[in-house]
Peer 1: 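Before we start, here is the structure in question, set down as structure tokens.
Residue numbers start at 1 and run along the sequence shown.
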Amino acid sequence: MLNKIWPFFIIISFIFALLTGNINNFNNSIFNSCTQAVDLIIKLFGTMCLWNGLMKIVQKSSLINKLSNMISPLMKFLFPKMNKEDKEYKEITINIIANLLGIGNAATPLGLQAMKTMQEKNPNKDTITDSMAMFIVLNTASLQLIPIILPVWIVTLVADTAGIIASKLLMKKF
């Protein structure tokens, strides 16, 4: 859908620039936007590399085991069908820890890997499992401890709680 909307906006902008005599401003804005986009990508790429590298260090060290043990009661409640030794359990744990630490850039690839691993073990490939649904809910409204802003904590806590309750209730029905 977006591949139709954006060209439409560009064509309308070009026609409007022609009619108003602002074609030079139109051209300058295109080149400035390209420059800004490249700058943004370079900054985001650097940040993602940094946090992904730190999370890899956490994965390889014993720190992940300590953090995993801290949230294991929560993990047992949220994902009762998973074993602590499962690969996807560890990937989900790392993703949740990254989200708690406010490292959303590192949590995204970890979350994608966890979903891929869960899908590989999914017997019914065209339907998500209860664990996959719960994981999506947790990632959609992830609680972050690092941004020390009380309203952010409250909103994410309420969103997580509502999502978890809804997921648990729907798991029992379906």
Side-chain angles (χ1 to χ4, degrees), residues 1-2 5-6 37 40-174:
M1 183 71 179
L2 287 177
I5 293 173
W6 284 112
L40 178 65
I41 289 170
I42 290 171
K43 289 175 186 173
L44 289 177
F45 184 71
T47 304
M48 284 185 73
C49 287
L50 170 71
W51 290 117
N52 281 329
L54 287 174
M55 289 310 292
K56 284 291 182 190
I57 292 170
V58 169
Q59 279 178 298
K60 302 275 185 203
S61 69
S62 63
L63 182 60
I64 191 63
N65 294 332
K66 291 176 184 172
L67 293 172
S68 180
N69 288 336
M70 286 174 51
I71 66 168
S72 75
L74 177 67
M75 291 293 288
K76 286 179 186 176
F77 172 72
L78 296 175
F79 303 99
K81 296 178 184 174
M82 281 190 196
N83 295 326
K84 195 172 184 176
E85 295 79 30
D86 291 342
K87 182 180 177 187
E88 65 267 21
Y89 182 91
K90 292 176 183 175
E91 291 171 346
I92 290 171
T93 303
I94 294 168
N95 175 271
I96 290 173
I97 291 168
N99 276 325
L100 284 172
L101 296 176
I103 313 171
N105 287 337
T108 301
L110 295 168
L112 292 172
Q113 182 60 42
M115 285 299 280
K116 182 179 176 185
T117 305
M118 285 190 282
Q119 181 63 11
E120 289 170 359
K121 292 186 175 184
N122 186 359
N124 192 358
K125 300 293 184 195
D126 58 347
T127 306
I128 65 172
T129 63
D130 290 345
S131 296
M132 292 168 91
M134 181 61 74
F135 187 59
I136 290 169
V137 167
L138 288 174
N139 270 303
T140 303
S142 62
L143 178 64
Q144 294 182 4
L145 300 177
I146 296 300
I148 309 173
I149 302 170
L150 188 60
V152 172
W153 283 354
I154 293 169
V155 169
T156 55
L157 188 60
V158 168
D160 272 335
T161 304
I164 290 167
I165 291 170
S167 294
K168 287 288 186 180
L169 289 174
L170 290 173
M171 282 178 199
K172 291 178 182 178
K173 276 193 164 187
F174 300 102

Peer 1: Could you give the distance from CD1 (I96) to CG (L78), rounded to the nearest 0.5 Å?
Peer 2: 6.5 Å
Peer 1: Can you list the residues that meet the side chain to side chain contact (heavy atoms under 4.5 Å, CB included) rule with I136, with sequence neighbours excluded?
Peer 2: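 I136 satisfies side chain to side chain contact (heavy atoms under 4.5 Å, CB included) with M115, I128, T140 only.
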Peer 1: What is the distance from atom CD1 of I154 to atom CG of L157, rounded to the nearest 0.5 Å?
Peer 2: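 I154 atom CD1 to L157 atom CG measures 8.5 Å (nearest 0.5 Å).
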Peer 1: Could you check whether any side-chain N or O of E91 sits under 3.5 Å from a backbone N or O of T117, counting only pairs where one atom can act as donor and the other as acceptor?
Peer 2: no
Peer 1: Residues in side chain to side chain contact (heavy atoms under 4.5 Å, CB included) with N124, at least two apart?
Peer 2: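 For N124, the residues satisfying side chain to side chain contact (heavy atoms under 4.5 Å, CB included) (neighbours in sequence not counted) are N122, D126, T127.
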Peer 1: Do you know the tightest heavy-atom contact between K125 and K121?
Peer 2: NZ-N, 4.3 Å
Peer 1: Side chains of M171 and P80, heavy atoms from C-beta outward: is any pair under 4.5 Å?
Peer 2: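 When only atoms from C-beta onward are counted, P80 and M171 do not touch, as no gap falls below 4.5 Å.
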Peer 1: Are K84 and F79 in a cation-pi setup, meaning NZ or CZ lies under 6.0 angstrom from the ring centre and within 45 degrees of the ring axis?
Peer 2: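 Output no; distance or angle outside limits.
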Peer 1: Main chain of N69, side chain of S72: is a donor-acceptor contact present, judged purely on distance under 3.5 Å?
Peer 2: yes
Peer 1: Side chain to side chain contact (heavy atoms under 4.5 Å, CB included), that's the test. Do N95 and F135 meet it? Break it down for me.
Peer 2: CA-CA 10 Å; N95 175 271; F135 187 59; 3.5 Å; yes
Peer 1: Give, for atom CG of L170 and atom CE of M134, the distance between the pair rounded to the nearest 0.5 Å.
Peer 2: 10.0 Å
Peer 1: For the residue pair L110 and I94, what are the closest heavy atoms and their distance?
Peer 2: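 For L110 versus I94, the nearest heavy atoms are CD1-CG2, 3.4 Å.
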Peer 1: Go through the steps to decide whether K90 and S68 satisfy the test side chain to side chain contact (heavy atoms under 4.5 Å, CB included), and finish with yes or no.
Peer 2: CA-CA 8 Å; K90 292 176 183 175; S68 180; over 6 Å; no
Peer 1: Pair I71, L67 - check side chain to side chain contact (heavy atoms under 4.5 Å, CB included), show working.
Peer 2: CA-CA 7 Å; I71 66 168; L67 293 172; over 6 Å; no
Peer 1: For K66, which residues count as a side-chain hydrogen bond (donor to acceptor under 3.5 Å, both in side chains) partner, sequence neighbours excluded?
Peer 2: none
Peer 1: Calculate, to the nearest 0.5 Å, the distance between atoms CD1 and CE belonging to I92 and M82 respectively.
Peer 2: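 The distance works out to 3.5 Å.
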Peer 1: Can you tell me how far the CD atom of Q113 sits from the OG1 atom of T108, to the nearest 0.5 Å?
Peer 2: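 Output value for this atom pair is 13.5 Å.
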Peer 1: Hey, what do you get for CD (E88) to CG (N83), rounding to the nearest 0.5 Å?
Peer 2: 8.5 Å
